[in-house]
Amino acid sequence: MFQIDYRQEINGLRALAVLSVIFYHAKFTPFQGGFVGVDIFFVISGYLISGIIFNELSNSSFSLVNFYERRARRILPALFVVLIFSTLISWALLPPFEFKDFGQSLFSVSFFASNFLFWLEGGYFDSGIDLKPLIHTWSLAVEEQFYVLFPLLAILIFSVNKKFLLPIILLIFLTSLFLAQIFSEDNIDINSKKGSFYLLPTRAWELLMGGLLFFIPKYNDISSKDLLNNVLSLIGLLLMAFSVYSFDADTPFPSAYTLIPTFGAVLVIIYGVKGTLTNKLLTAKPLVLIGLISYSAYLWHQPLFSLSRSYFVGELTSYHLSFLILLTLLLAYSSWYFIEEPFRNKRKISRKFVLIFSLSGTLLFGLVGLGIHYNEGFEQRYTSNQMKLLNFRSYEERDELYRDRVCFLRKDMDENSFSDICSDGPIYIWGDSHAASISYGMRKLTKVSQYTSSMCPPIFEVDIPSRPYCRDINEVIFNSIDTNNPKLVFLSANWILKSYDDSYNSLQKTFDRLAHRYPNIDFYVLGGLPQWHSSLPNTMIKADQLLQEKETYLKNQLYTDVKFKDTEIEKIVNQRNENIKFISLLDLLCVDDECLSQVSYPKNEPTAFDYGHLSGSGSIKVSSLIFERINYQENYD
């Protein structure tokens with residue numbers, strides 16, 4: 001009933017899955033949904049491993065010891081090699097706070113719990129996630145957690161009555177899928193959504209989907225239906241290709257949408273049999289070879305990409321990425337040939353050795369990870385002057401400068417949370433945390449009314465799931481202009497933030513409302529602040545630039561991204577030619593793509609303490625340049 005034969009096309013399917021993930025992490029545009037490769041892997045894994053478990057239980061030959069030994073031989077040797085490489089290179093490249101975080105991930109990976117850690121640290125699609133060398137191990141954790149529980153459940157069911165196997169698996173499958181859909185809804189808080197992405201309860205259905213293939217009626221008769229096999233297996237390929245090309249970070253995931261690539265994989269597994277066009281495509285030698293090395297390729301690609309981004313302090317060129325993909329495949333082949341294959345051979349490597357190797361490696365990496373974490377990422381690798389610069393990361397003055405939870409609202413604060421002190425002058429600054437970072441400098445130079453809120457751009461009718469009060473906050477600010485009658489209003493935001501993409505359709509409507517209701521007030525839309533990869537202090541360290549009591553400039557890695565969005569917004573502004581104008585902060589702070597990195601007045605500080613939020617001195621500098629650009633003293637005193 002549960003017999004499973006070796007099928008070369010499964011390796012071809014593995015190749016498509018791993019290449020999708022690799023190209024996604026390389027940020028190749030046609031593969032913006034390439035993360036679904038992991039979901040395809042889950043289906044394949046569920047199909048292959050469930051078949052082994054069901055077959056051996058039916059033959060009364062299943063052994064938990066043998067099963068976990070096979071898993072250890074398959075998973076751990078190549079993983080340990082990649083962890084050694086990642087640890088050594090991270091030691092050399094990563095600043096203390098990033099290396100400390102790496103230590104946490106190293107510890108969690110050792111015990112297949114990294115999905116929990118990455119859930120607590122942030123979402124899979126958050127900015128900066130591509131700088132985590134071990135972020136991809138979340139899927140290994142999900143799989144191994146599943147394979148700890150699933151064999152035990154199967155043993156229990158077979159011991160009672162194996163006829164219950166299908167109904168119970170189907171029930172768990174439907175429950176898991178239902179939970180995935182529920183937690184993908186718009187009304188679910190962002191932290192729960194992140195947990196849904198990373199955790200087993202909402203992912204188990206994908207692995208179980210592969211196992212359910214063994215219960216399809218007349219499974220062995222399908223191969224005789226040539227036309228059906230060809231059509232349905234090609235539909236399966238198209239469903240996966242559609243997902244890779246069309247899905248993106250805004251697609252609710254996992255959810256009912258995930259059925260598209262996973263069902264595509266199911267169609268290929270069922271109908272992509274010998275004689276079909278799909279089978280011929282998937283059994284092409286290059287794809288079969290990549291499929292054989294797909295596990296090692298999956299392990300190697302993310303550390304290579306992530307650590308290269310750290311080394312080059314920014315996004316990689318297409319030449320770098322092409323080289324890294326080739327290197328990934330070469331290392332993957334070496335890992336497969338010299339590590340994976342020998343360890344899977346029981347005649348070459350004994351069970352006793354595998355047990356000692358597995359336990360020793362797990363404990364060793366766990367202890368190393370703890371050591372890195374508790375030693376604060378080994379700060380002694382850096383000089384005192386370097387640490388002085390890097391310590392801006394914890395910029396303790398931020399809350400006071402930004403007037404946190406007073407005039408800068410957090411996500412749990414509604415439109416009635418602004419304090420009376422926020423209204424304090426003839427100038428308004430309205431926007432998100434980037435606006436709050438500018439507000440301090442403006443307040444030091446003149447009287448300013450500050451109305452800012454975390455991740456809430458000054459755009460009407462904006463809906464950001466993680467900021468449920470944003471729409472109402474903007475309406476309150478808009479109406480307050482009547483009461484306070486400011487002379488001018490600055491609109492500022494981190495315009496390139498992915499969460500804002502759906503809001504830009506409302507920009508023109510926002511400008512129309514402002515101009516119509518307040519024709520005698522000047523509105524200035526501030527372009528984006530320079531942004532740094534992964535932070536300005538880190539960029540300065542990599543460029544051997546320390547605090548020098550003078551203004552300095554550095555090549556800005558994200559200049560093009562910010563400039564592109566500025567150009568789009570400026571076009572919308574220029575359509576009006578009325579009382580709304582655009583000011584490019586890049587023009588004020590940068591010469592070509594080199595931007596102001598530190599200032600000496602009133603204190604010697606980097607202009608930003610993280611990727612883009614201004615320090616106190618940086619804010620004063622930016623604000624003075626803005627007022628100079630609009631000739632504020634002459635026109636508004």
Heavy-atom side-chain proximity of L207 to I49 below 4.5 angstrom: no
Minimum heavy-atom distance between S255 and W205, given as atom pair plus value: O-CZ2, 4.1 Å
Geometric class of the F28/F23 ring pair [parallel <30°, tilted 30-60°, perpendicular >60°]: tilted
Within the 6.0 Å centroid threshold, strictly below: H301 and H136: yes
Reported CD1-to-CG distance for the pair I44 and D39, which is rounded to 0.5 angstrom: 11.0 Å
Side-chain heavy-atom pair Y271, V231 within 4.5 angstrom cut-off: no
Atom pair CG/OG1 of L267 and T262 - distance to nearest 0.5 Å: 10.0 Å
Set of ring pair (Phe, Tyr, Trp, His ring centres under 6.0 Å) partners for F116, sequence neighbours left out: none
Donor-acceptor pair, side chain of S306 and main chain of L131, under 3.5 angstrom: yes
is_close_aromatic(F343, F357), centroid dist under 6.0 Å: yes
E206 side chain near V38 side chain, heavy-atom distance below 4.5 Å: no
Side chain to side chain, L16 and L237, heavy atoms closer than 4.5 Å: yes
Donor-acceptor under 3.5 Å (S110 side chain, G366 main chain): yes
Aromatic centroids of Y47 and F214 separated by under 6.0 Å: yes
R203 side chain to F197 backbone, donor-acceptor under 3.5 Å: yes
Residues in side-chain contact (heavy atoms from CB on, under 4.5 Å) contact with T202, at least two apart in sequence or another chain: L179, A180, F183, S196, P254
Between S139 and Y298: side-chain donor-acceptor atoms closer than 3.5 Å: yes
Pair F253 + F35: ring centers closer than 6.0 Å: yes
Q32 (side chain) donor-acceptor with Y245 (main chain) under 3.5 angstrom: yes
Close side-chain approach of V65 and R351, heavy atoms under 4.5 Å: yes
S246 OG to I260 CD1 distance, which is reported to the nearest 0.5 Å: 8.5 Å
Interatomic distance, L212 atom CG to S50 atom OG [nearest 0.5 angstrom]: 8.5 Å
Heavy atoms from other residues, nucleotides or ligands near CZ of F378 exceed 12 (cutoff 6.0 Å): yes
Short side-chain to backbone donor-acceptor contact, D189 and S192, under 3.5 Å: yes
Under 3.5 Å: donor-acceptor pair, side chain of Y198, backbone of Y124: yes
Backbone of I172 reached by a side-chain donor or acceptor of S176 within 3.5 Å: no
Whether S114 side chain and T137 backbone form a donor-acceptor pair below 3.5 Å: yes
Qualifying side-chain hydrogen bond (donor to acceptor under 3.5 Å, both in side chains) pairs with a residue from residues 140-160, counting only residues at least two apart or across chains: S45-E143, S45-Y147, R71-E144, N115-Q145
Ionic contact status for R74 with E340, cut-off 4.0 Å: yes
Flag side-chain contact, heavy atom, 4.5 Å: F102 against T87: yes
Closest approach of E98 to S310 (non-hydrogen atoms, all atoms of both residues): OE1-OG, 4.4 Å
Other residues, nucleotides, ligands: >12 heavy atoms within 6.0 Å of K27 NZ: yes
Closest non-hydrogen atom pair, F42 against V142: CZ-CG1, 4.0 Å
Residue pair L106, H373: steps toward the side-chain contact (heavy atoms from CB on, under 4.5 Å) verdict: CA-CA 10 Å; L106 183 63; H373 175 74; over 6 Å; no
Nearest-0.5 Å distance, CG of residue L57 to CZ of residue F62: 5.5 Å
Stacked cation flag R410 on Y469, 6.0 angstrom / 45 deg: no
Heavy-atom side-chain contact between I293 and Y337 under 4.5 Å: no
CA sep, side-chain torsions, deciding dist, call: L238, F242, side-chain contact (heavy atoms from CB on, under 4.5 Å): CA-CA 6 Å; L238 290 174; F242 169 81; over 6 Å; no
D130 side chain vs H25 backbone, donor-acceptor pair below 3.5 Å: no
Derivation and outcome, side-chain contact (heavy atoms from CB on, under 4.5 Å), residues R14 and L48: CA-CA 12 Å; R14 278 188 177 128; L48 296 174; 3.0 Å; yes
CZ/F263: more than 12 non-hydrogen atoms of other groups inside 6.0 Å: no
Y295 side chain reached by L79 side chain, heavy atoms, under 4.5 Å: yes
Rounded distance [0.5 Å steps], OG in S534 versus CZ in R309: 12.5 Å
L359 backbone acceptor or donor facing T362 side chain under 3.5 Å: no
Parallel, tilted or perpendicular, as decided by the 30° and 60° cut-offs, for the rings of Y333 and W336: tilted
Which atom of W300 lies closest to which atom of S335, heavy atoms considered: NE1-OG, 2.8 Å
Derivation of the side-chain contact (heavy atoms from CB on, under 4.5 Å) call for L307 and S90: CA-CA 7 Å; L307 295 170; S90 295; 3.6 Å; yes
For the student: nearest non-hydrogen atoms of L239 and S243, plus distance: O-OG, 2.9 Å
Least distance between heavy atoms, S108 atom then S105 atom: OG-O, 2.9 Å
